[in-house]
Amino acid sequence: MRSIPLAMTWEIFARARWALLAAALAGIAFPALIIALLRHEGQVDPQDPSWLLLNIVLVQINAFLFGAAVLGGQGKVSQLYAYPLSTPKIVAWRLLPLMVAIALETCFYTWGLNSIFLFHWPLWGPALSLAVAFAAVQAAVWLTEKSLWTFVSLFCPVIVFCIWFKTRYGFLMAPPTHLWLEVTPSEVLAMLMAATLAYGVAIYGVARNRRGEPPFSLGIISWLVARFETPANFKSPFRTAERAQAWYEWRAKGWMMPVLALIGLLVASIIWLCVSRRADDLFQGVLGCGGFFLILAFIFGLVMGNVASGTKADMGQCFATHPITSTVWARIILQTAALSALVTWAIWIVAVAAIYGILAALRMTDQIRTLEVPRALGWRYFPAVLIGSWTLVGLGASLMLLGRPTLMFKLLSAVVIAPIAYTLLAKFALSYDAVLELDRFMAAAMGAVSLLATAWLFAWARRRSLIEWATVCAAASAWALASTLVMRQLPPAQLMSLPLLLLVVTGLCALVIAPLAAAPLAISWNRNR
């Protein structure tokens, strides 16, 4: 390479070329699928407010997919600290190529949808604003690197960008009225000022980290820790390695899911205050957070399964030689994950009850009578969220504990691609009767695979003495009890026969107990690679 900046740029795109390509293709394939399905249902009006809102949402989803690939593939900026370059040049040549890549990818996304569906969606406004938003997010990451403020700081540029982006299509608290077809000089000036501010913040953060100064802190968290932390008693250490590991797991990761849930509820409340301010929207939004917590549970499970607490998924010699067995270690991780999921669920229940109590005190409950908690579940929706959170956090932790990121990525990709391919096949290639038959077959297949896979995991774990017979019997009893309760609570099936419904229910209930065998097996495989 003729220059260091050129080598830096080449390294970024050479390292993440396949991830960026996959993200770009997924960014245009996912919106194209949604639009194709909507158009298949009937005639659409591109000037309708709902389609204007769809444009706003889809372009941000595309930006999230491609931006996540960019952030994950660029590597740590600390690798460049030894380069014979000043901090402003390091920051500039880290931000500029990626901002250009995001702008070009957004233009490609919009051009592709316009060409396929004959839309007239704006091109340059979203592209330029998304590039600036990426610079702001990257600056926030560098400013709060290795700090507890990282998660909080990410919300600031994201919220500001969402408000800015929404106002380009109309008033903030009203449905969109027009497309952002022209970029005015004032808007260009505002984006230049935001990019300059992000560049300055990034220089400050990278320079501080390059000098080896402590992470960014306002002193608030340190003050809270000093007030509530129990003084260390060196005369009474942990009696066993199991207690020490349990303390470490909760201290390092157990609080993360409840804190993120609280932040999510706070952000949702702020959005409600800015956009809606209607009682039914508030209550429905809080109820809908149950689905958000299921996604959060799976992500948290991946965090819990990263026992090395670093960039690599494999344990390495240091963690693999911990003085505890794989069975004990798996039990500690699952207990921590279950407790964290329970605390998060309790926070959600308290929020639902508090909002309903406030509306009842204000005599506004008549406004929420028409709300639709999932009708197929009713009151069962609340325990279903708790059981689903445990299942997803346990399965996510077990996947991550394997220490095989490539295998995990392939499995997750298959899980994402399969429903999309199935939807396309059902919508465009099959008749109604064929779709019903395919639905029954897929339901039976998923139930049978879940049931057989869980039985195989327990048999393999017991054969390797990773679980006791008492655990197998307790898990089997819990599975039988859960299957019985679910079958008794389900309404009569109209599209499924009783044997097929029983197979589906038992298969789904088997996933609830699967982490009990999958976690110790995954740890054992990771330790003895």
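Residues passing the ring-ring contact (aromatic ring centres under 6.0 Å, His included) test with F165 are F161, Y169, sequence neighbours excluded. The ring-ring contact (aromatic ring centres under 6.0 Å, His included) search around W247 returns F238, not counting sequence neighbours.
Annotation: E182, atom CD; neighbour count of heavy atoms from other residues, nucleotides and ligands within 6.0 Å does not exceed 12.
A donor-acceptor contact shorter than 3.5 Å links the side chain of Y381 to the backbone of L287. A donor-acceptor pair under 3.5 Å is formed between the side chain of Y199 and the backbone N or O of P88. W142 contributes no side-chain N or O that, together with a main-chain N or O of Q138, makes up a donor-acceptor pair within less than 3.5 Å. A donor-acceptor contact shorter than 3.5 Å is absent between the side chain of N526 and the backbone of A522. Proximity of a side-chain donor or acceptor of R208 to a complementary backbone N or O of L143 within less than 3.5 Å is detected. Side chain of T167 to main chain of W164: a donor-acceptor pair is present (N/O by atom type, distance under 3.5 Å, no hydrogens or angles). In terms of modelled atom types and a separation under 3.5 Å, the side chain of E187 and the main chain of T184 share a donor-acceptor contact. Judged by distance alone, the side chain of S340 and the main-chain N or O of G254 form a donor-acceptor pair under 3.5 Å.
Once rounded to the nearest 0.5 Å, the distance linking CG of L296 with SG of C289 reads 10.5 Å. Rounding to the nearest 0.5 Å places CG of L98 at 8.5 Å from CZ of F66. Annotation: the span from M304 atom CE to I299 atom CD1 amounts to 15.0 Å, rounded to 0.5 Å. To the nearest 0.5 Å, atom CG of residue L395 and atom CG of residue L399 are 7.0 Å apart. Taking CE of M99 as the start and CG of L128 as the end, the distance is 9.0 Å to the nearest 0.5 Å. Rounded to the nearest 0.5 angstrom, W255 CH2 and L262 CG are separated by 11.5 Å.
For the pair Y204/V201, no side-chain contact is recorded, criterion being any heavy-atom separation below 4.5 Å from C-beta on. The shortest side-chain heavy-atom distance between V393 and F298 does not fall under the 4.5 Å cut-off. You'll find the side chain of N62 stays beyond 4.5 Å of the side chain of I28, heavy atoms only. Between P122 and T110 the shortest side-chain heavy-atom distance does not fall below 4.5 Å. Using a 4.5 Å heavy-atom threshold, the side chains of S78 and N209 count as separate.
The ring of F382 has its center closer than 6.0 angstrom to the ring center of W348.
Residues E242 and W329 have side chains that never bring a donor and an acceptor to within less than 3.5 angstrom of each other.
Nearest approach of A202 to V91, heavy atoms of both residues: CB-CG1, 3.6 Å.
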